[in-house]
Structure formats: C-alpha cells, structure tokens
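I have placed the structure first, in the form of structure tokens, so that the comments after it can refer back to it.
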Amino acid sequence: MFIKDSEKIAFDKRHRATIKFNISKYDAAVDRGRKRYSKLDLARERAAYIKRDAIHNLPDYLLQFEENIQVNGAEVVWAEDAAEAILAVQKILKENQAELLVKSKSMTTEEVDFNEHAEAVGVESLETDLGEYIVQIAGEKPYHIVTPAMHKSKEDIAELFHEKFDTPEKSTPEFLTSYVRGLLRKKFTQADVGVTGANFLIADKGAIALTENEGNAMMTFSFPKVHIVIAGIEKIVPRMKDLGLMWPLLAAHGTGQQITVYNSIVSGPKKEGEQDGPEKMYVVLLDNKRSELYQKDDQFEALKCIRCGACLNACPIYKNVGGYTYDATYSGPIGSVITPFYKGFSKYNHLSSACSVCGKCTEVCPVRIPLHNMLLFNRRDAVKNGDTPLSWNLGMKAFEFAFMKRNRLDMMGGKAKNSMGTMKKNAMGEKKSLPVFAKESFSKQWKNKQ
C-alpha cells in the first residue's frame with residue numbers, strides 16, 4: 001500500500017507545488033532562526049546532553065515528576081497503552097458530566113485517537129489549534145507533526161470553509177482566521193473540560209510546559225473546570241532551568257522563531273484564593289510501547305525527540321511522498337524509526353526502508369538523534385525478527401549469491417538483462433524506465449581491451 005500511495009502522491013504536481021511552497025517558507029524562517037545562535041552546535045550538544053540524561057534516568061525522573069505534581073494537587077494516571085489511557089479519560093469525562101471539551105494541539109492525543117473515543121461517550125471534542133481545526137472539519141488527520149494542514153493551500157482552505165460554513169468564496173487567510181477565532185472563543189467559555197499535551201514534563205518542578213503561537217492552549221487549560229494532560233513518558237526534562245535552552249531551540253527548529261509567542265508552565269489546579277485555572281487537573285502518562293523502545297541498545301535515543309518537525313522538512317522522501325502515505329501518527333524520519341515499535345514491526349517495518357540514508361535528518365536534529373543510523377538498525381532488526389516478506393528474503397539471497405563472485409555477474413549478458421527488464425510492464429513505475437545494458441559487462445570489456 002505504501003509503494004502504491006507513494007507513487008501516486010509523488011507525481012501529483014499540485015501536491016508537490018503546495019508542499020514545496022510551504023516548506024520553502026519554513027526553510028527560510030528556520031535559516032534565520034538558527035543564525036541567531038552564535039554557537040548553534042554547542043546549544044544542540046547541550047540539549048542532547050539534557051535529553052540523554054533524562055532518558056538514561058527516565059524511571060527516576062518520572063517518579064520525581066509524579067511526586068512533585070501530586071503535591072501541587074494534580075492526579076497522575078499511568079497508562080500502559082492507548083486503551084488504558086482512553087479508559088481513564090472516559091472515566092474522568094463521565095465523572096465530571098462533560099458534554100463539550102476543547103483541545104489544544106497534541107500528537108500524543110492523535111496517537112490514541114482521542115477525539116473518536118471522546119465522542120463515543122457523547123462528548124464533543126473540538127480542536128482549537130487553527131491547523132488542527134482545519135483538518136478536523138475536513139475529516140482528516142494531521143499531515144505534519146508541527147503544521148497539521150501543510151498539505152493545503154490557502155485556496156483549499158477557503159474552499160473548505162465555504163463548503164462547511166458558507167463563508168465568502170476565496171476568503172483571505174486573515175478573514176478565515178478571524179472567523180475561526182470568533183467561533184472558538186464561545187466554545188472556550190462553554191467547555192467543561194480542556195485537554196492538552198505537554199511539550200515537556202518538568203521533574204523537579206512537578207509541572208508541564210506548553211509552547212504555542214495562538215494562545216489556544218492557554219485558554220484550553222484556563223477556562224474549563226477540568227484540565228486533562230496526555231503526555232508520552234519520554235517528554236521528561238530534569239530541571240526547570242532546562243527550559244531556558246530547550247524552548248528557544250525547539251522554536252528555532254520548529255518555526256524559525258526566537259521563541260514561540262505563548263509559553264506556559266502549569267503545575268496543578270488552582271489553589272485556594274486563586275481565581276484562574278481549573279479546579280481539577282489530571283496527567284495521563286502514556287507508555288504505549290515506549291518502554292520496549294527504551295530497552296533497545298541502538299534505538300532508545302529516539303525517545304530524546306522534542307517533536308520540532310525539522311527532520312520531516314529536511315527529508316527528501318517526506319517532501320515527495322507526503323505525510324499521509326506513512327499511515328501513522330508520526331511521519332517522516334522520526335516516525336519511520338518509532339512507528340514500528342509502537343504499532344508492530346510486522347506491519348510497519350517497511351517505513352524503515354522509506355529512506356535514502358542521506359543523513360539530512362540527523363544533520364538538522366536539535367538534540368542530535370542519529371536518525372538515519374536508527375533506520376538501518378530497524379532494517380537489521382526486521383530481518384532478524386523474520387518480519388520481511390519471503391520475496392524480499394529470496395531476492396537478497398540471490399543478490400548475495402550473485403555479488404559474491406565477479407564471474408557470476410558475468411554469466412548473464414546484456415541481452416538477457418534487457419529482456420528481463422521488458423518481462424514485467426512498468427517494472428520501475430510509469431515515470432521511470434530501466435537502463436539499456438551493454439552486450440558485455442564492464443569487466444569483460446576491460447579484459448578484451450587489455
């Protein structure tokens with residue numbers, strides 16, 4: 001399915017033009033953002049050290065976070081998998097007689113299909129990030145880790161809003177943004193529950209850190225009486241002071257900003273005497289196979305990821321096949337590394353081969369995750385586990401046998417090779433063709449000339 005979808009989308013000229021335009025805007029902004037650093041490599045090295053320390057000592061930091069945030073009045077729920085997380089959330093929604101919840105952007109909630117499960121118990125779940133709202137009303141999933149509607153042009157969005165809300169045709173982005181703001185402001189004041197993710201879990205403070213550009217996350221946890229956080233266990237950072245490095249670095253690599261517009265630290269529900277904030281706060285710490293990835297000697301460092309999206313925008317494969325082809329919550333290089341662990345190698349190990357091993361993802365990662373190496377380790381493990389198809393295994397055996405000795409390659413001349421290429425129609429796809437081989441191999445031609 002991946003190959004079929006890839007070939008279709010890679011040659012969709014309209015899609016390519018939209019992605020090229022949107023990523024070019026990103027590239028220009030991020031280039032400016034990185035140039036603000038006098039010693040970017042040093043900043044990345046320090047960030048990598050912080051996250052490496054956090055992951056190496058993950059159990060200790062998680063327990064410290066739990067203890068501190070419980071002291072602050074929040075309740076912590078440990079969820080082994082998506083099913084446990086959803087059961088916990090549905091219980092909270094029912095106990096608080098929720099009818100409407102507002103939700104800020106969170107890939108972890110996408111991972112557990114949050115909206116569908118909230119609606120299954122009669123609760124309307126509304127995305128409040130503009131990009132997430134656009135894909136929600138379009139009946140789609142986020143296309144990108146940071147920019148959910150990257151695959152849509154302003155004309156596409158204007159047409160969508162005209163269809164759904166009868167807004168004027170060819171409305172400007174400014175008009176549509178103002179229109180959505182008006183809709184959502186009412187929902188914030190009516191919502192019973194606010195749901196967020198967490199960019200970071202701060203162990204020594206017992207708090208979550210949220211970074212955003214629209215203010216919707218701040219209103220999501222401020223207006224409703226109940227605040228639910230769903231975060232992967234890998235989001236931990238040891239100390240409050242680490243944010244001084246991590247927040248600007250995330251902004252520079254994610255959007256090119258010096259720092260995002262709204263940065264919030266939430267340490268619990270409102271206390272006696274405080275007027276603002278939720279009355280209850282729940283933090284759901286999601287494992288969902290992260291512990292299995294944690295046990296891997298070669299791939300565990302993928303848990304250092306801070307979800308900046310830089311590797312997606314740099315990846316030549318992602319830029320050609322798009323986000324939906326991966327059929328996974330997390331796409332691009334980081335998604336290709338972690339999805340086989342989260343969803344099963346037998347079903348998703350093919351994503352590890354959606355890589356040219358150019359190393360660009362590793363080059364741009366702000367926390368120095370060697371992503372292209374990990375994709376090779378995934379390929380190795382897929383073979384070891386027997387998760388590769390029989391046709392692939394036989395093909396590799398034949399390849400190994402042929403390339404072990406030069407004379408084996410020379411047994412088949414150019415004429416035979418050319419005839420094999422025409423046996424199957426469109427063997428390389430409709431847009432490509434096999435090269436024409438010479439009658440004799442290079443080695444034979446060399447010997448004859450000598």
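In this text, all values refer to a predicted model and were calculated from it rather than measured experimentally.
Here Asp113 pairs with Lys141 in a salt bridge; the nearest charged N to carboxylate O distance falls below 4.0 Å. The pair Lys91-Glu84 fails the salt-bridge criterion, with no side-chain N (NZ, NE, NH1 or NH2) lying under 4.0 Å from an Asp/Glu carboxylate O. A salt bridge links Arg290 with Glu111: at least one charged nitrogen is closer than 4.0 Å to a carboxylate oxygen. Taking a cutoff of 4.0 Å between a charged side-chain nitrogen and a carboxylate oxygen, Arg44 and Asp41 qualify as a salt bridge. Between Asp387 and Lys347 there is no salt bridge, since no side-chain nitrogen of the basic residue lies less than 4.0 Å from a carboxylate oxygen of the acidic one. Taking a cutoff of 4.0 Å between a charged side-chain nitrogen and a carboxylate oxygen, Arg368 and Glu45 qualify as a salt bridge. With respect to Arg52 and Glu301, a salt bridge is recorded, a charged nitrogen being found less than 4.0 Å from a carboxylate O.
Inter-residue side-chain proximity for Leu249 and His253 is flagged as met; some heavy-atom pair is nearer than 4.5 Å. Within the 4.5 Å cutoff, the side chain of Lys235 has no heavy atoms near those of the Asn199 side chain. Inter-residue side-chain proximity for Glu124 and Glu99 is flagged as unmet; no heavy-atom pair is nearer than 4.5 Å. Looking at heavy atoms from C-beta onward, Tyr282 lies out of side-chain contact with Ile230 at the 4.5 angstrom threshold. Under the 4.5 Å side-chain criterion, counting only non-hydrogen atoms from C-beta, Ser353 is in contact with Arg379. Glu212 places a side-chain heavy atom less than 4.5 Å from the side chain of Met218. When side chains are defined from C-beta on, Arg46 does not count as touching Lys51, because their heavy atoms never get closer than 4.5 Å. Side chains of Leu312 and Ile334 form a contact here, defined as non-hydrogen atoms less than 4.5 Å apart.
Side-chain contact of His151 with Tyr324: a donor-acceptor pair under 3.5 Å is present, judged by distance alone. Looking at Gln64 and Asp204, their side chains never bring a donor and an acceptor atom within 3.5 Å of each other. With no hydrogens or angles considered, a side-chain donor-acceptor pair links Asn57 and Asp53 at under 3.5 Å. Checking Arg16 against Asn320 by side-chain atom types alone, a donor-acceptor pair falls below 3.5 Å. Under 3.5 Å, the side chains of Thr260 and Asn263 contain a donor-acceptor pair of N or O atoms. In the model, Asn216 has no side-chain atom that pairs as donor or acceptor with a side-chain atom of Glu127 under 3.5 Å. Using a 3.5 Å distance cut-off with no hydrogens or angles, the side chains of Asp192 and Gln97 do not pair a donor with an acceptor. Under the 3.5 Å distance criterion, with hydrogens and angles disregarded, no donor-acceptor pair is assigned to the side chains of Lys225 and Asn96. Between the side chains of Asp381 and Gln299, a donor-acceptor pair is found at a separation under 3.5 Å. For the residue pair His162 and Thr167, no side-chain donor N or O sits within less than 3.5 Å of a side-chain acceptor on the partner.
Considering every non-hydrogen atom in both Gly197 and Ser104, the closest pair reads N-OG, 4.3 Å. For the pair Ser356 and Pro316, the tightest heavy-atom approach, listed with the atom from each and the gap, is OG-CG, 4.0 Å. Here the closest heavy-atom approach between residue Thr196 and residue Ala217 is recorded as CG2-O, 4.4 Å. Summarising the geometry of Met374 relative to Ala302, their closest heavy-atom pair is CE-N, 3.6 Å, with the distance given to 0.1 Å. Counting all heavy atoms, side chain and backbone alike, Leu201 lies closest to Ala198 at CD2-CB, 3.9 Å. When every heavy atom of Tyr326 is checked against every heavy atom of Ser331, the shortest pair comes out as CD1-CB, 3.6 Å.
Within the 3.5 Å criterion, the main-chain N or O of Lys270 finds no donor-acceptor partner in the side chain of Asp276. A donor-acceptor distance shorter than 3.5 angstrom exists from the side chain of Thr128 to the backbone of Lys103, with no hydrogens or angles considered. Tyr348 contributes a side-chain N or O that, together with a main-chain N or O of Asp327, makes up a donor-acceptor pair within less than 3.5 Å. Not one N or O on the side chain of Ser336 forms a donor-acceptor pair closer than 3.5 Å with the backbone of Ser352. Within the 3.5 Å criterion, the main-chain N or O of Leu130 finds a donor-acceptor partner in the side chain of Glu214. Within the 3.5 Å criterion, the main-chain N or O of Gly268 finds no donor-acceptor partner in the side chain of Asn72.
For the pair Arg307 and Tyr330, the cation sits on the ring face: its NZ or CZ lies under 6.0 Å from the ring centre, inside 45° of the axis.
Heavy-atom neighbours of Gln258 CD from other residues, nucleotides or ligands within 6.0 Å: at or below the threshold of 12. The 12-atom threshold is exceeded at NZ of Lys271, counting heavy atoms of other residues, nucleotides or ligands nearer than 6.0 Å. For Lys205, the NZ atom sits in a loose shell: 12 or fewer heavy atoms of surrounding residues, nucleotides or ligands are nearer than 6.0 Å. At most 12 non-hydrogen atoms from other residues, nucleotides or ligands lie less than 6.0 angstrom from CD of Glu80. Within 6.0 Å of CZ in Phe175 there are more than 12 heavy atoms belonging to other residues, nucleotides or ligands.
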Applying side-chain contact (heavy atoms from CB on, under 4.5 Å), run through Asn349 and Asn378 and close with a yes or a no. CA-CA 7 Å; Asn349 78 80; Asn378 275 12; over 6 Å; no
Between Asp27 and Ser24, is the side chain to side chain donor-acceptor pair (under 3.5 Å) condition met? List the steps. CA-CA 5 Å; Asp27 287 340; Ser24 70; over 6 Å; no
Go through the steps for Lys8 and Asp5 under the test salt bridge (Lys or Arg N to Asp or Glu O under 4.0 Å), then give the verdict. CA-CA 5 Å; Lys8 181 180 178 182; Asp5 290 344; over 6 Å; no
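Ring planes of Tyr133 and Phe161: tilted class, angle from 30 to 60°. Ring orientation note: the planes of Phe2 and His350 are tilted relative to one another, at an angle of 30° to 60°.
How far CD1 of Ile338 is from CG of Asn288: 10.5 Å, rounded to the nearest 0.5 Å.
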